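Reading through the structure tokens given below for one structure.
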Amino acid sequence: MSVPLGIPTVNAPGDPGAVSARVRTDLHDRAPEAPLAGPLLDRFGRVGQDLRISLIDKCNLRCTYCMPADGMAWLPKHMLLTIDEVARLVRIGVDDLGVRELRLTGGEPLVRRDLEDIIARVHAEHPDLPISITTNAIGLDKRAAALAAAGLTRINVSLDSIDADTFAEMTRRNRLQDVLDGIDAAHRAGLAPVKINAVLMKGLNDDQAPDLLEFCLERDLELRFIEQMPLDGDHGWTRDNMVTAAEMRTALETRFVLVPDEEPRGGAPAERWAVYAKPGNGAAVAGAPDASGGTGAAPADLGPRLGTVGIIASVTEPFCGACTRTRITAEGRVRSCLFSHEEFDLAAVMRAGEDDAAVSEVWRRAMWLKPRAHGMDHTGLDSADYVQPERSMSAIGG
């Protein structure tokens, strides 16, 4: 079945009522077969259970693989989703569409001063819903306890290097200590497991992978390396300049032994590996927990399991066939795939006074049109026909 991808609906002109009518008509014509009840399905049988809502496009770092050094035009405040709108979208997602977990992203979600209020509202209405955030942790040292009290379940922190000079070069800001302080505060607040997201880039931090893993193992942090994706603000990504998952594993194996984790991966983006000390490099990482009871099957002479590391290989080992994510941008648009070239305006539908059934219908039809992979009908972020979306990662929401 072939479905035309159409054109982006980002920044569609007109009042909410007019935009809502256009969006609903467009989706009704293009996705008439979308089921209007049951789980949030797409044409390939994938179910959207993992809801990611971006709260803001602003960020207080300028990571080279995400944003340009300057010149970003931020969304005006009136375009951002309000607390009521976020709560309504989560309610529709959970009660009607079968959403099972929520992640709040950005930009940088901590830039939203009402983040605690948003989390408290959602948690009060859905006390069993896991709520996480992805953050750079700047300012987290002052807010971690309040976020946990509001109902935040766990946290992902972006940290590409523990070397201050490298960190400053990659983020264009000298804020490493602020991030480390935020991580410590998250631990004290019980936001476990604390996961660390790291992007390796050639010539910058690709030689630091073992050091970063050792740092995380010593502090009971779960590290996840992420292949650099073509979503940078400068549109300068090339396949030759990225560090592949295979290269990451090779780098880590200079100091550690990696054993495939036996825990089912499901729709998780990260392939997980049990980590053991490499013979001759010491019996264990100082301060690491004895995790020998983990699920990784390893020879007994490797000693205790030190922890776990994950690798997200969106480019070289794509996992699109198992994707469970449905995304809402900071201005309230459904983005069915991270690499899509179009979005559908749910905020306009809500602001036009439509009921929950209408919002749900738009959401369902938008997800029905989800591309097979990488915004196309096949995988291939390094293929000749891949076209990078105009919006960078910070504007899309992670």
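What you see is a predicted model, and the numbers here were worked out from it, not measured in a lab.
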Exercise for the section: Would you indicate whether the side-chain heavy atoms of Val94 and Glu125 approach each other to under 4.5 Å? Expected result: no
Exercise for the section: Starting from the C-alpha separation in whole Å, work towards a yes-or-no answer on salt bridge (charged side-chain N to carboxylate O under 4.0 Å, His left out) for Arg351 and Asp15. Expected result: CA-CA 9 Å; Arg351 293 171 185 180; Asp15 65 87; over 6 Å; no
Practice task
For Arg265 and Glu317, run salt bridge (charged side-chain N to carboxylate O under 4.0 Å, His left out): C-alpha distance rounded to whole Å, both residues' side-chain angles, the deciding distance at 0.1 Å, then the answer.
Solution key: CA-CA 14 Å; Arg265 180 175 177 179; Glu317 300 168 13; over 6 Å; no
Handout entry: Nearest-0.5 Å distance, NZ of residue Lys142 to CG of residue Asp181
Key = 8.0 Å
Problem - Donor on one side chain, acceptor on other, Thr329 and Glu331, under 3.5 Å - result: yes
Problem - Expected output: side-chain Glu247 to main-chain Thr244 donor-acceptor under 3.5 Å - result: yes
Exercise for the section: Determine yes or no for a side-chain-to-main-chain donor-acceptor pair under 3.5 angstrom, with Arg175 supplying the side chain and Arg172 the backbone. Expected result: no
Practice task
Determine whether Trp368 and Ser336 make a side-chain contact, defined as any pair of heavy atoms from C-beta on separated by less than 4.5 Å.
Solution key: no
Completion exercise
Given the options Arg30, Arg24, Arg22, Asp26 meets salt bridge (Lys or Arg N to Asp or Glu O under 4.0 Å) only with Arg30
Handout entry: Over 12 foreign heavy atoms within 6.0 Å of NZ, Lys202
Key = yes
Handout entry: Contact check, side chains of Ile183 and Arg219, non-hydrogen atoms, under 4.5 Å
Key = no
Handout entry: Short side-chain to backbone donor-acceptor contact, Asp160 and Val199, under 3.5 Å
Key = yes
Practice task
Drop me the distance from Thr105's OG1 to Arg52's CZ, to the nearest 0.5 angstrom.
Solution key: 8.0 Å
Handout entry: Nearest heavy atoms of Ala366 and Val334, plus distance in Å
Key = CB-CG1, 3.8 Å
Exercise for the section: Report the residues that fulfil salt bridge (Lys or Arg N to Asp or Glu O under 4.0 Å) with Arg224, sequence neighbours left out, ordered by chain and then residue number. Expected result: none
Completion exercise
Of all heavy-atom pairs linking Leu55 and Pro109, the shortest is CD1-CB, 4.4 Å
Practice task
Could you tell me whether the side chain of Arg372 and the main chain of Arg43 form a donor-acceptor pair under 3.5 Å?
Solution key: no
Practice task
Spell out, as yes or no, whether a donor-acceptor pair under 3.5 Å connects the side chain of Asp57 to the backbone of Leu75.
Solution key: yes
Problem - pair Arg88-Arg91: side-chain heavy atoms closer than 4.5 Å - result: yes
Practice task
Look up atom CZ in Arg325 and atom NZ in Lys370, then write down how far apart they are to the nearest 0.5 Å.
Solution key: 7.0 Å
Exercise for the section: Decide yes or no on side-chain contact (heavy atoms from CB on, under 4.5 Å) for Leu147 and Leu110, but give the supporting numbers first. Expected result: CA-CA 10 Å; Leu147 290 167; Leu110 289 175; 3.9 Å; yes
Problem - Any Gln228 side-chain heavy atom under 4.5 Å of Leu200 side chain - result: no
Exercise for the section: Treating Ile, Leu, Val, Met, Phe, Trp and Tyr as nodes and any side-chain heavy-atom pair under 4.5 angstrom as an edge, say whether Ile56 and Met79 lie in one connected cluster. Expected result: yes
Handout entry: Pair Glu108-Thr135, side-chain donor/acceptor within less than 3.5 Å
Key = yes
Practice task
Could you tell me whether the side chain of Phe215 reaches within less than 4.5 Å of the side chain of Leu221, counting heavy atoms only?
Solution key: yes
Problem - Donor-acceptor pair between Asp96 and Ser360 side chains, under 3.5 angstrom - result: yes
Practice task
Find the distance between OG1 (Thr316) and CE (Met248) and round it off to the nearest 0.5 Å.
Solution key: 8.0 Å
Exercise for the section: Before giving the answer on side-chain contact (heavy atoms from CB on, under 4.5 Å), spell out for Asn156 and Ile133 the whole-Å C-alpha distance, their side-chain angles and the decisive distance to 0.1 Å. Expected result: CA-CA 6 Å; Asn156 283 35; Ile133 64 171; over 6 Å; no
Handout entry: Test applied, side-chain contact (heavy atoms from CB on, under 4.5 Å); reference residue, Arg173; option that passes from Leu61, Asn60, Val179
Key = Leu61
Handout entry: Between OG on residue Ser161 and CG on residue Asp207, distance to nearest 0.5 Å
Key = 8.5 Å
Exercise for the section: Please check if the side chain of Arg364 supplies one atom and the backbone of Pro39 the other of a donor-acceptor pair under 3.5 Å. Expected result: yes
Exercise for the section: Determine yes or no for a side-chain-to-main-chain donor-acceptor pair under 3.5 angstrom, with Arg365 supplying the side chain and Ala31 the backbone. Expected result: yes
Handout entry: Nearest-0.5 Å distance that lies between atom OG1 in Thr166 and atom CG in Leu176
Key = 9.5 Å
Exercise for the section: Say whether, by atom type as modelled, one donor and one acceptor occur between the side chain of Arg46 and the main chain of Cys320 under 3.5 angstrom. Expected result: yes
Exercise for the section: Search all heavy atoms of Val157 against all heavy atoms of Ala137 and return the closest pair with its distance. Expected result: CG1-CB, 3.7 Å
Exercise for the section: Check whether any side-chain heavy atom of Leu51 lies under 4.5 Å from a side-chain heavy atom of Ile328, and answer yes or no. Expected result: yes
Handout entry: For Gly380 against His374, the heavy-atom pair lying closest together
Key = N-ND1, 2.9 Å
Practice task
Dump the intermediate steps for side-chain contact (heavy atoms from CB on, under 4.5 Å) on Arg121 and Val86, then the final yes or no.
Solution key: CA-CA 9 Å; Arg121 172 78 172 273; Val86 172; over 6 Å; no
Practice task
Please tell me if the side chains of Asp211 and Arg255 come closer than 4.5 Å, counting only heavy atoms from C-beta onward.
Solution key: yes
Handout entry: Derivation of the side-chain contact (heavy atoms from CB on, under 4.5 Å) call for Tyr276 and Arg305
Key = CA-CA 5 Å; Tyr276 298 84; Arg305 174 172 169 167; 3.5 Å; yes
Problem - Taking every non-hydrogen atom, the tightest pair across Leu302 and Ala277 - result: CD2-O, 4.1 Å
Handout entry: Any donor-acceptor N/O pair, Glu227 side chain to Ala245 backbone, under 3.5 Å
Key = yes
Exercise for the section: State whether a side-chain donor-acceptor pair under 3.5 Å links Asp385 with His378. Expected result: yes
Fill in the blank from the handout: Residues Ala347 and Leu81: closest non-hydrogen pair is CB-CD2, 4.4 Å
